[in-house]
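Take a look at the structure set out below.
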Amino acid sequence: MASTETPPHGRSHRVRLQYFAMLALKNLFRYRRRTVVTASAVAFGVAIFVAMASLLNGLAAEGDRNLANYETSSAAITGAGYWRQREEYPLDILVENTGQILSVLDADGVAAAPRVAFRGELIVHYDPYPEDGSVYLALYGIDVERDPQVFRLAETVNEGRLPEPGEDGILISAWLAERLGAELSYPVTITTRTRDGFHQILDMDIVGIYQTPNPTVDRSQIYLPLDVVDTYLEMQGAVTAIHLALPEPVPGAADLGPVKEALERDREGVGGTGIELLSFAEMTEEFAAAVEIQDVAFNIVLVLLGFIAVVGISNTMLMAVLEREREIGMMRAIGMRDGEIRLMFALEAAAIGLLGAAAGLLLGARLVWYLVNHGIDYGTLLEGVEMDFRFADVLYGVWSVRTMFTAAVGAAMLAAVVALLPVRAILRREITESLRRH
Amino acid sequence: MITVTDVHKEYLDGETHVRALRGVSLEIEKGEFLSIAGPSGSGKTTLLNVIGCIDTVDSGSVLIDGLAVTGGKKGDLIEIRRNKIGFVFQSFNLIPVLTAYENVAMALSLLGLPESQIRERTMNLLAEVGLSNMEGRRPAKLSGGQQQRVAVARALVKDPLIVLADEPTANLDSETGEAILQLMKGINQRRGTTFVFSTHDQMVMDYADRLCRLHDGLIESDELRRSA
Ligand SMILES: Nc1ncnc2c1ncn2[C@@H]1O[C@H](COP(=O)(O)OP(=O)(O)OP(=O)(O)O)[C@@H](O)[C@H]1O
Ligand SMILES: [Mg+2]
């Protein structure tokens, strides 16, 4: 009998699959309302997901950029073990051979900027200030010529200027100026300690006011000329760090190899084991934890969106499947396998999911386009909120094809899973029972 | 070809036990045109379902082509249904989104034939059941009789060992029902396909070569009406 012949396998399988796909597709139009409702829910979820991901990725990228541009640079040379203790502003873990290192780097064409970071108390008095006040701050001696080649601080000076070498002038943030009631040319007194621990008092004038997109910098850092700091703190040429600007497409992607080699060549001259070369990743290790929290938050959002989508599509999907119980019973009676029936419904649901995902991606792409080009103005929202987060007032999104792809595939799979639950329930019933339904 | 021996089947309907089959034995030979007749609730559907491997028995045995199907594995039963059994249902049970052609071809595609063969066989059968030129219509665009013809074509297209039809004319007016019976009878005579159909309609019984009367889950009489 012809029916018992076993035909060549691969091709027969493909023909069968074609029929299943055809039936799945036709059923999309049979339950038009179901298709539209489900696809809309999926589209909504995908669009929100894509936009959220764009913003969160934008947040991470912005955070990295703000770290690199105003705090860490792409790499730094410090005294061995300095970075872990940098929040205490130690002046006993130093880079001693600053000049030698700079000439090695200069010879290699690597832009480098030495800085001395220290702590001090900034004191202001009534008249010209509205009232007496003092604040503990981080102070940075910066090489006025070299610093702009590595950091972008100079570009953010919007009143006055950078202090000049040898000048008793400081650069403070607009944020601090507003809180102190400070203006250009107002005097300040700074008390601190020298490298050897002796008390020192610096009388300075405000020569510039800056505003970076990095709140951490704005809220805690003021800048002075490196040579002035060197004199008052008796640093004898030593610095706390030499920051490097290396070519890199995104922060953290720089190749440290050449710098390492250059330093190796003059090992003794640059300070031997007394110094270390830190990558962006090493300097920002502690923020990686923050990013992980961000990832967790992201996953929670994802689960919530998934939940909304499931609730949105499960009812319509459920009805559309349960309504076809007798049809499923017939298919089983004429010899369709459970797996084939599941496959057919999965194809149908996945098609709805993909349809929704396509619409969601269109909408999402529109949202992302807006976020990339216009951003969201967070500034007013976060005014006065203390956050150890580095982002600007305006947050921009970034494009991520991978996220979009993930969202589309995820939506299709989600829809398939939701459809398969009622199918599974029906397949558990007796065929005769399904056939008796109306 | 098909041997049913002392089959018992009981359903639990809430608290009460319903004895649908109480020891049914039946021998069906190749090429028979057999009617199972009996009043409502006599066990006709149950018997057809047991023969069609979509229902189980409590005791007794069913052999198809010498193969015991009672207590068979699920996968084996699916293979038997797929390859050897054709079903015609009282309410047609066509897939509404598929055309007449697709409804028939879909069933055939399960056998894993190449598309060209599926096409040839499907078109031939649609012509045989009198639906040439209607292959592109969906069930909603066909009359009840035409829908049942599609269903007959679907059952026959795989060239099954046996076609089981549970009250195939119950949803049709008598004229259309008779036409379906003539169609099945013709196929039975031309091709030698075995048909077993249930009914409680005298006109339908009159078409049968052999008539089994079922009553309360027991075979009451089994008579040859004319030579097959
Ligand atoms: N799944 C089931 N659960 C409970 N009782 C059932 C089930 N299937 C059949 N029955 C009962 O078994 C008996 C035989 O049913 P069956 O459907 O085989 O009769 P039938 O001869 O086909 O009747 P009809 O002419 O009404 O179709 C009936 O009393 C019916 O109510
Ligand atoms: Mg019945």
Side-chain angles (χ1 to χ4, degrees), chain A residues 1-32 34-35 320 323-341 343-345 348 427-438, chain B residues 9 11 20 45-46 48-50 52-56 65 74-75 77-99 102-119 121 138 140 151 154-155 157-161 164 166:
Chain A
M1 204 176 284
S3 55
T4 49
E5 285 165 17
T6 344
H9 221 78
R11 220 178 57 198
S12 70
H13 197 71
R14 207 188 54 222
V15 170
R16 205 174 315 164
L17 204 64
Q18 273 167 16
Y19 274 89
F20 294 166
M22 172 195 69
L23 182 52
L25 217 68
K26 291 196 166 190
N27 273 319
L28 288 188
F29 295 98
R30 172 176 176 190
Y31 297 97
R32 206 160 301 166
R34 181 270 323 248
T35 301
E323 208 181 299
R324 273 188 272 172
E325 172 159 4
R326 209 163 55 138
E327 200 173 304
I328 294 175
M330 178 274 289
M331 289 172 177
R332 295 172 78 192
I334 69 170
M336 210 181 258
R337 296 190 186 97
D338 288 2
E340 291 168 336
I341 291 169
L343 171 68
M344 220 162 57
F345 277 90
E348 186 180 324
L427 290 178
R428 284 222 192 110
R429 295 214 181 106
E430 296 293 333
I431 297 174
T432 51
E433 218 172 297
S434 291
L435 280 173
R436 279 193 314 187
R437 306 246 161 197
H438 298 290
Chain B
K9 175 77 184 177
Y11 291 109
T45 299
T46 307
L48 286 182
N49 287 347
V50 164
C53 303
I54 57 174
D55 209 346
T56 53
D65 245 2
K74 190 178 165 190
L77 296 184
I78 289 175
E79 282 307 310
I80 291 172
R81 292 202 299 270
R82 197 181 263 241
N83 294 305
K84 303 192 171 176
I85 294 169
F87 279 100
V88 175
F89 304 92
Q90 177 179 334
S91 46
F92 323 138
N93 278 346
L94 300 178
I95 299 174
V97 287
L98 298 184
T99 62
E102 288 161 349
N103 263 289
V104 177
M106 175 99 196
L108 196 53
S109 78
L110 296 180
L111 299 189
L113 301 176
E115 180 64 34
S116 55
Q117 263 190 60
I118 292 177
R119 178 150 197 94
R121 281 221 225 170
R138 292 197 189 178
R154 179 176 66 189
V157 76
K158 56 185 161 187
D159 202 0
L161 203 60
L164 301 170
D166 190 12

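What you see is a predicted model, and the numbers here were worked out from it, not measured in a lab. A, B, ... follow the sequence lines: proteins, then strands. Residue 1 opens every chain. Heavy atoms only: backbone and side chains are in, while hydrogens, waters and symmetry mates are out.
Across all their heavy atoms, B/K158 and B/R81 have their closest contact at NZ-O, 3.1 Å. Residues B/R82 and A/G335 share a closest heavy-atom pair of NE-O, 2.8 Å.
Residue A/E340 touches chain B through its side chain alone, counting heavy-atom pairs closer than 4.5 Å. Using a 4.5 Å cut-off between heavy atoms, B/I85 does not touch chain A at all. Residue contact with chain A, scored on non-hydrogen atoms closer than 4.5 Å, involves the side chain of B/N49 exclusively. With a threshold of 4.5 angstrom between heavy atoms, B/E79 approaches chain A through side-chain atoms but not through N, CA, C or O. Using a 4.5 Å cut-off between heavy atoms, B/A105 touches chain A through backbone and side chain atoms alike. For B/I118, the part lying under 4.5 angstrom from a heavy atom of chain A is the side chain only.
Partners of A/A320 by side chain to side chain contact (heavy atoms under 4.5 Å, CB included), not counting sequence neighbours, listed by chain and number: A/Y31, A/R34. The side-chain hydrogen bond (donor to acceptor under 3.5 Å, both in side chains) search around A/E327 returns A/R30, not counting sequence neighbours.
Listed for the A/R326 side chain is a donor-acceptor partner under 3.5 Å among the backbone atoms of A/R437.
With respect to chain A, the highest number of heavy-atom pairs below 4.5 Å among B/S91, B/G86, B/G75, B/G52 belongs to B/S91.
Going from atom CG of B/L108 over to atom CZ of A/R16 covers 11.0 Å, rounded to the nearest 0.5 Å.
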